[in-house]
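Below is one structure, written out as structure tokens, with a few remarks after it.
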Number of protein chains: 2
Amino acid sequence: MSTDFSRSEVPEVVVSRLPQYLRILNRLMEDGITVVSSQQLGEKLQVTPAQIRKDLSYFGRFGKQGRGYSVHDLLDRLRQILGVNAFWNVAVVGVGRLGRAIVNYPGFTPDGFHLVAAFDVNKDVIGSDVGGLMVHSLENLRSVVDERKISIAIVAVPVSDTQEVVDQLVACGIRAILNYAPIIPHVREGVRIRNIDPVLSLQSMTYYINTSNDD
Amino acid sequence: MSTDFSRSEVPEVVVSRLPQYLRILNRLMEDGITVVSSQQLGEKLQVTPAQIRKDLSYFGRFGKQGRGYSVHDLLDRLRQILGVNAFWNVAVVGVGRLGRAIVNYPGFTPDGFHLVAAFDVNKDVIGSDVGGLMVHSLENLRSVVDERKISIAIVAVPVSDTQEVVDQLVACGIRAILNYAPIIPHVREGVRIRNIDPVLSLQSMTYYINTSNDD
DNA sequence: GGATGTGAAGTATTTCACAGCC
DNA sequence: GGCTGTGAAATACTTCACATCC
């Protein structure tokens, strides 16, 4: 019923697991481990070895029978597949409390995501410095996005502004959005969005606390 | 192969969607809407009406044929099902940059999650005040958890401490953990954990930016 | 007429199990 | 002997379609 001209080929769940494999492999690499089996990876990730092998098989044959996977080579291939072998420039929209925390979070840079621009609508903060970034007016979005070759944005604005901001980002050519507002914005086909919503996570866990206590 | 003595009954994906339904219903309630159809809910949530009806049918019959669902009643039932009709006391472990941001995040309280205790291992911050909470030593975990009837914890400690902290929390009777560290800790059957990891989210999106550009 | 609730049908995803290779 | 890669089987999840009721 929906447009499916982009041969979906690889299931979305598979793609969502690859970054986790990357994580573990990075850690193994740091620990000086050079070869790993799907069995061992599965233990660390709490998934079945078969799933790991199947997931990887969508992209090629990276292992050696009887031996396992070369940590270095698999790492390399996964980075290539995910497109994280190069740097990505990222914009942050909204520099309130949450936005500031994001800008100051040191975890993005080591993985190749460079926060290179900040935006806000609030006149009081525009022009000020937040975590080493000059805060631009949202009106300058297009020019800064073009200039700095930004294709990813992190959104941390109030709920009431979120859809509007997302629309503007998409209009300026942003292809991937990480949204921290407690709303699921609509985006057109071809634009990716992931929502980070701790309250939803908590609420889905309380269900299980209850049902196993009494009931 | 794994222990499945807890009649799984309701699929986990279904439970994970209920909080989103709750969100939308809350908003409809605020807007003064009293009745809603699965059709209308589906549009707002970008899911099929059939899925909403099926999801709800795991828990009972809440609608009226020819009419739809009473926003008030459905809200009530969902809150009951998810166990968010009462307050939950929550502990935050780790009050570094990230932990502070979490403590100061105003979004938990309106949904009934009360941050009532903070913990850290760092002697320099123990005893100090963070966002209105006194920071305890982790050594006092058990007594505070018992005293304040805490069953949920938010973890924001360095990767290297995370598994250890999670183990201690579980040992003290914590049933649900929201983990912000970039690692997937192991927990025993019966304990729920959700991981918030913005880098993984970003990495799963770059895959799509790449594959639709060139390739 | 219009919308729910739900078996049945259709898809998607996971796991099995084993041939093939190191 | 050990482990990958992969069709086939099993399971999980979604959507259809319609009887049922307001």
Side-chain angles (χ1 to χ4, degrees), chain A residues 1-4 6-18 20-21 24-25 28 33-75 77-78 81 204 207, chain B residues 1-4 6-18 20-21 24-25 28 33-75 77-78 81 204 207:
Chain A
M1 198 41 67
S2 75
T3 50
D4 68 312
S6 64
R7 301 156 313 153
S8 28
E9 195 80 15
V10 181
E12 187 148 343
V13 273
V14 172
V15 175
S16 76
R17 279 190 295 261
L18 299 185
Q20 302 191 39
Y21 300 167
I24 297 286
L25 288 166
L28 291 173
I33 314 267
T34 56
V35 176
V36 70
S37 68
S38 60
Q39 176 70 234
Q40 297 169 306
L41 281 175
E43 277 160 25
K44 294 199 180 292
L45 288 158
Q46 303 272 273
V47 301
T48 64
Q51 178 157 85
I52 292 172
R53 295 202 301 277
K54 184 66 125 183
D55 283 356
L56 296 176
S57 78
Y58 283 101
F59 304 97
R61 304 146 187 245
F62 308 132
K64 286 209 183 0
Q65 279 111 327
R67 192 135 170 67
Y69 301 88
S70 152
V71 173
H72 176 274
D73 292 358
L74 186 52
L75 207 42
R77 295 294 287 117
L78 282 178
I81 291 163
S204 70
Y207 170 81
Chain B
M1 196 43 66
S2 74
T3 50
D4 67 313
S6 64
R7 300 154 315 151
S8 28
E9 194 81 12
V10 182
E12 188 149 342
V13 275
V14 171
V15 175
S16 75
R17 279 190 295 260
L18 298 185
Q20 302 190 39
Y21 300 168
I24 297 286
L25 287 166
L28 291 174
I33 314 268
T34 57
V35 175
V36 70
S37 68
S38 60
Q39 177 69 235
Q40 296 169 307
L41 281 175
E43 276 160 27
K44 294 199 179 291
L45 287 157
Q46 302 272 272
V47 301
T48 64
Q51 179 157 84
I52 292 173
R53 294 202 302 276
K54 182 66 122 183
D55 283 355
L56 296 176
S57 78
Y58 283 101
F59 304 96
R61 305 147 187 245
F62 308 133
K64 287 210 182 0
Q65 279 112 326
R67 191 134 170 68
Y69 301 89
S70 152
V71 173
H72 176 275
D73 291 358
L74 186 52
L75 207 43
R77 295 294 287 116
L78 282 179
I81 291 163
S204 70
Y207 170 81

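Because only heavy atoms are used, hydrogens play no part in the values below, and waters and symmetry mates are left out as well, while side chains stay in. Keep in mind that this is a model prediction, so the values were computed, not measured.
Across the protein-nucleic acid pair, A:I52 atom CD1 and C:dT14 atom C1' stand 13 Å apart, rounded to whole Å. Distance B:D73 CG to C:dT4 P: 15 Å, rounded to the nearest Å. One atom, CG of A:L56, and another, C1' of D:dG5, lie 10 Å apart when rounded to the nearest Å. What separates CG of A:L45 from C1' of C:dT14 is a distance of 16 Å, to the nearest Å. The separation between B:L41 atom CG and C:dA3 atom C1' is 12 Å, rounded to whole Å. Counting to the nearest Å, the P atom of C:dC16 and the CD atom of A:Q39 are 12 Å from each other. In this structure, the OH atom of A:Y58 is 12 Å from the C1' atom of D:dG7, given to the nearest Å. The distance between atom CG of A:D55 and atom P of C:dT15, rounded to the nearest whole Å, is 10 Å.
For the pair B:G66 and A:E12, nearest-nucleotide mapping onto DNA chain C gives the more 5' position to B:G66.
Of all heavy-atom pairs spanning A:V71 and A:V35, the tightest one is CG2-N, 3.9 Å.
In this structure, B:R53 reaches the bases: a heavy-atom distance under 4.0 Å links it to at least one base atom across the strands shown.
From A:Q39, atom CD reaches atom CZ of A:R53 across 9.0 Å, with rounding to the nearest 0.5 Å.
For the pair A:Y69 and D:dG5, the criterion of a side-chain N or O lying under 4.0 Å from OP1 or OP2 is met. Between B:S38 and C:dT4, a side-chain N or O to OP1/OP2 separation shorter than 4.0 Å is present. Proximity of B:R67 to the phosphate of C:dG5: no side-chain N or O atom is located under 4.0 Å from OP1 or OP2. Applying the 4.0 Å criterion to OP1 and OP2 of C:dT15, one finds that A:T48 has a side-chain N or O inside that range.
The base of D:dG5 is not paired with the side chain of A:R61 by any donor and acceptor separated by under 3.5 Å. The base of C:dT15 has none of its N or O atoms less than 3.5 Å from a complementary donor or acceptor on the side chain of A:Q51. With hydrogens and angles ignored, a donor-acceptor pair closer than 3.5 Å exists between the side chain of A:K54 and the base of D:dG7.
Counting heavy atoms from C-beta outward, A:Y21 and A:L41 have side chains that stay 4.5 Å or more apart. Side-chain atoms of B:K44 and B:L28, non-hydrogen and from C-beta on, do get closer than 4.5 Å to each other. Using a 4.5 Å heavy-atom threshold, the side chains of A:V47 and A:D55 count as separate.
Taking only side-chain atoms of B:S57, from C-beta outward, the nucleotide of D:dC3, D:dT14, C:dT6 with the closest atom is C:dT6. You'll find that the side chain of A:Q65 is closest to C:dC21, out of C:dC21, C:dT13, D:dT14. For B:P11, whose side chain is taken as the heavy atoms from C-beta onward, the closest listed nucleotide among C:dT4, D:dC22, D:dC13 is D:dC13.
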